[in-house]
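Some notes on the structure that comes next.
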Protein chains: 2
Amino acid sequence: MKPEIPTLDDVARGANVSTATVSRCLNSPEQVSAKTREKVLKIVKKLGYTPNFGAQALAAKRTNTFGAIVPTMNNAIFAAGLQAFQEELGRNGATLLLASSSYNAKVEEEQIRSLVSRGADGLLLIGTQRSENIYHFLEDREIPFVIAWSYQENKNRSCVGFDNFEASHALTTKAINLGHKNFAIISAYTASNDRADNRVKGIKAALEDYGIETQNLPLIECEYSIQNGAESFRTHIEQDNRPTIIMCGNDVLAAGAVKQAHEMGLKIPDDISITGFDNIELASVIEPALTTVHVRHKRMGMLAAQVLLKQIEEKSYRDNIKLDTQIVEGRSLGRPCYQQR
Amino acid sequence: MKPEIPTLDDVARGANVSTATVSRCLNSPEQVSAKTREKVLKIVKKLGYTPNFGAQALAAKRTNTFGAIVPTMNNAIFAAGLQAFQEELGRNGATLLLASSSYNAKVEEEQIRSLVSRGADGLLLIGTQRSENIYHFLEDREIPFVIAWSYQENKNRSCVGFDNFEASHALTTKAINLGHKNFAIISAYTASNDRADNRVKGIKAALEDYGIETQNLPLIECEYSIQNGAESFRTHIEQDNRPTIIMCGNDVLAAGAVKQAHEMGLKIPDDISITGFDNIELASVIEPALTTVHVRHKRMGMLAAQVLLKQIEEKSYRDNIKLDTQIVEGRSLGRPCYQQR
DNA sequence: AAACAAAATGTAAGCGCTTGCATTTATAAT
DNA sequence: ATTATAAATGCAAGCGCTTACATTTTGTTT
């Protein structure tokens with residue numbers, strides 16, 4: 001004997017009013033007199049009524065649900081930002097539908113469609129790089145979205161992110177000024193990941209600024225993982241022309257590199273410098289602490305939510321927010337060996 | 001001029017069949033002749049039709065959406081398990097609604113209610129510790145749920161987890177056998193976290209097995225964070241009767257402890273042993289690698305999804321799955337100083 | 001070719017809610 | 001009191017889909 005789940009009707013009957021009144025009590029209480037409101041809310045509580053989501057969505061054409069598609073939940077890169085995003089949504093009575101694409105553009109596209117058909121009122125997307133098709137899909141349906149983790153000036157699309165190119169450029173310049181000339185890179189796949197791509201481009205641009213050849217710059221692309229970082233590090237080190245610095249696309253790769261360096265008996269930064277990106281907690285724990293780029297992930301997540309919510313209220317609202325990054329000085333970046341005294 | 005979103009009706013009209021047929025094409029294709037099926041699917045594709053989620057939910061009384069409430073997304077503890085959970089759901093055409101409770105029982109309860117009212121077909125809960133009320137709420141509505149990360153024998157409730165007590169007990173026994181007598185603990189708050197609680201209990205039980213006093217066992221409870229691990233470590237070390245080993249409730253705390261040990265110039269494990277729990281990636285990267293407890297998080301997430309899906313199919317299905325754990329030997333646990341030669 | 005069973009399709013009644021519009025009630029102004 | 005105006009409430013039409021049941025089509029058997 002399962003207790004029937006109460007409906008609006010039940011509440012209406014209980015309070016001796018129409019369903020419309022009950023609905024208004026819940027959604028726009030100011031339209032209802034204090035007296036009836038009280039009466040209705042008492043019944044709501046007594047019956048333990050909760051609105052049926054599907055019915056609400058169907059009738060109101062909104063769900064108070066937002067979707068986010070992240071490339072992965074497996075490492076900490078997105079966790080803090082997402083948590084903040086979710087909390088900000090929560091503060092506004094909305095919930096988060098989360099999907100992950102495993103860094104696969106096709107999967108991402110499916111997820112986007114799926115979230116939309118699930119009635120997501122808006123979407124959080126990571127990075128700018130996806131087919132125009134999918135942007136049109138969203139724009140046609142007037143589904144608000146905001147792009148995070150990347151910054152891009154674009155009047156028609158909102159973003160909250162930081163300039164990966166610039167940050168990477170700055171970090172590289174710092175390394176050059178320490179005397180490094182012999183670079184190697186470990187990056188995520190750049191083809192479908194504008195963050196990774198821009199980080200690599202930032203490095204190359206900085207090198208070129210100083211007249212350093214980038215034609216044969218050793219570059220290994222792989223998925224973000226400690227394991228891959230370690231393996232790629234080894235490959236770089238075993239090259240003929242061993243680099244004095246290995247710049248990693250993120251801290252996870254860098255952590256793997258550091259681990260491998262230890263295992264190969266290389267001193268950091270005396271024998272080899274290593275840099276990361278993101279400044280996840282990990283960066284401060286490993287020995288030596290990573291020199292990396294700090295990003296205010298939490299702030300980014302919160303702002304993304306705010307922008308998105310504003311777009312719901314005001315259809316045409318758009319914003320491009322660029323967050324600062326700063327270089328965190330660990331001890332994994334130092335002068336190259338031939339510059340030391 | 002926004003292009004109207006196509007409905008079932010549009011497809012039906014386009015294919016010159018009834019909406020019922022279209023619906024069947026999509027949901028139980030075997031009931032439709034190959035010819036019409038083809039015809040219909042062509043129109044579906046042509047129009048880019050996707051079912052309206054709300055309507056579907058309303059009419060079918062299921063959403064293919066599952067909810068999960070995790071204590072936090074901020075550290076890696078839950079990430080791998082959740083990802084696996086989500087992937088397994090995805091393989092079965094379902095999606096994940098994710099919420100986080102910030103380790104707050106009241107928030108968790110709200111989230112559960114919210115997910116249910118959003119039409120979650122089933123729920124993933126972390127740990128066993130919550131008010132009976134909320135269990136009744138779910139059971140009354142016949143909402144399937146599965147408890148993960150904790151193991152508990154209970155015919156009426158499904159769980160997929162491991163025995164925190166046992167694992168912790170084993171690790172402690174190992175430490176005792178190495179000669180440790182002077183223990184200290186850094187744990188998450190045990191009051192509303194049965195995993196943390198059982199881990200502490202496991203330690204105490206092991207100590208008592210060997211006749212070691214646990215009345216005054218130094219125990220600090222705090223939130224999981226590197227920062228807190230570091231601070232708690234310092235507090236323990238500055239005690240009168242300095243412990244020879246500090247056992248941490250998880251790897252994140254342990255990482256903080258290790259960091260602090262370095263900063264205080266303490267050698268691990270010669271001056272102080274440190275243990276973790278969970279064996280997150282972090283554990284293998286820090287120096288020295290942590291001695292910790294490995295849990296097959298991915299497997300757990302996958303199994304949890306399977307149990308949950310089975311419960312949907314077969315209302316009365318229940319399962320209690322206990323996963324093995326194993327001690328991972330890092331170098332952070334060694335003989336206490338007075339035992340060394 | 002008739003008779004029947006099985007397969008395919010159509011009809012239409014909701015699912016539980018929101019909301020524009022109509023109606024009633026309370027409040028204010030004359 | 002009477003009327004005009006505003007506030008509160010009710011009525012009822014959907015929102016887009018699923019599914020029990022009715023009907024038609026197809027195939028099989030005699």
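Here is how names work: the chains are called A, B, and so on, in the same order as the sequence lines, proteins then strands, and each is numbered from 1.
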Point to revise | Non-neighbouring partners of B:Phe78 that pass ring-ring contact (aromatic ring centres under 6.0 Å, His included), sequence neighbours left out | key: B:Trp149
Review point. Is the count of non-hydrogen atoms from other residues, nucleotides or ligands lying under 6.0 Å from B:Lys39 atom NZ greater than 12?
Key: yes
Practice item. For each nucleotide in nucleotides 8-13 of chain C, reading 5' to 3', give B when a protein heavy atom comes within less than 4.0 Å of its base, S when such contact involves only the sugar-phosphate, and - otherwise. Key: SBBBB-
Study note, to complete from the structure: Hits for ring-ring contact (aromatic ring centres under 6.0 Å, His included) against A:Phe162, two or more places apart or cross-chain, chain-then-number order -> none
Check your understanding: For A:Arg318, which residues count as a salt bridge (charged side-chain N to carboxylate O under 4.0 Å, His left out) partner, sequence neighbours excluded?
Key -> none
Exercise for review: Output all residues satisfying side chain to side chain contact (heavy atoms under 4.5 Å, CB included) with B:Lys322, sequence neighbours left out; order by chain, then residue number.
Suggested key: B:Tyr151, B:Asp163, B:Glu166
Review point. In residues 52-60 of chain B, which ones come under 4.0 Å of DNA chain C, going by heavy atoms?
Key: B:Leu58, B:Ala59
Review point. Roughly how far, to the nearest 0.5 Å, is the OG1 atom of A:Thr19 from the CZ atom of A:Arg24?
Key: 8.5 Å
**Study point:** Sequence-distant partners of B:Gln111, side chain to side chain donor-acceptor pair (under 3.5 Å), two or more places apart
**Key:** none
Check your understanding: How sharply is the helix from C:dA1-D:dT30 to C:dT30-D:dA1 bent, taking the axes over five pairs at either end and rounding to 10 degrees?
Key -> 30°
Exercise for review: With sequence neighbours excluded, give me every salt bridge (Lys or Arg N to Asp or Glu O under 4.0 Å) pair touching residues 99-115 of chain A.
Suggested key: A:Glu108-A:Arg130, A:Glu109-A:Arg113
Point to revise | Exceeds 12 heavy-atom contacts within 6.0 angstrom, atom CG of B:Asn16 | key: no
Exercise for review: With a 4.0 angstrom cut-off to heavy atoms of chain B, pull out the first and last contacting nucleotide of DNA chain D, in 5'-to-3' order.
Suggested key: D:dG16 to D:dA20
Practice item. Kindly write out the residues that satisfy salt bridge (charged side-chain N to carboxylate O under 4.0 Å, His left out) with A:Glu38, not counting sequence neighbours, or none if the list is empty. Key: none
Review point. Take atom CD in A:Glu223; do more than 12 heavy atoms of anything else shown fall under 6.0 Å from it?
Key: no
Anything under 3.5 Å between a donor and an acceptor, one on a side chain of residues 300-308 of chain B, the other on a protein residue two or more places apart or in another chain? List them.
{"unit_1": "B:Gln306", "atom_1": "NE2", "unit_2": "B:Glu88", "atom_2": "OE2", "d": "3.3"}

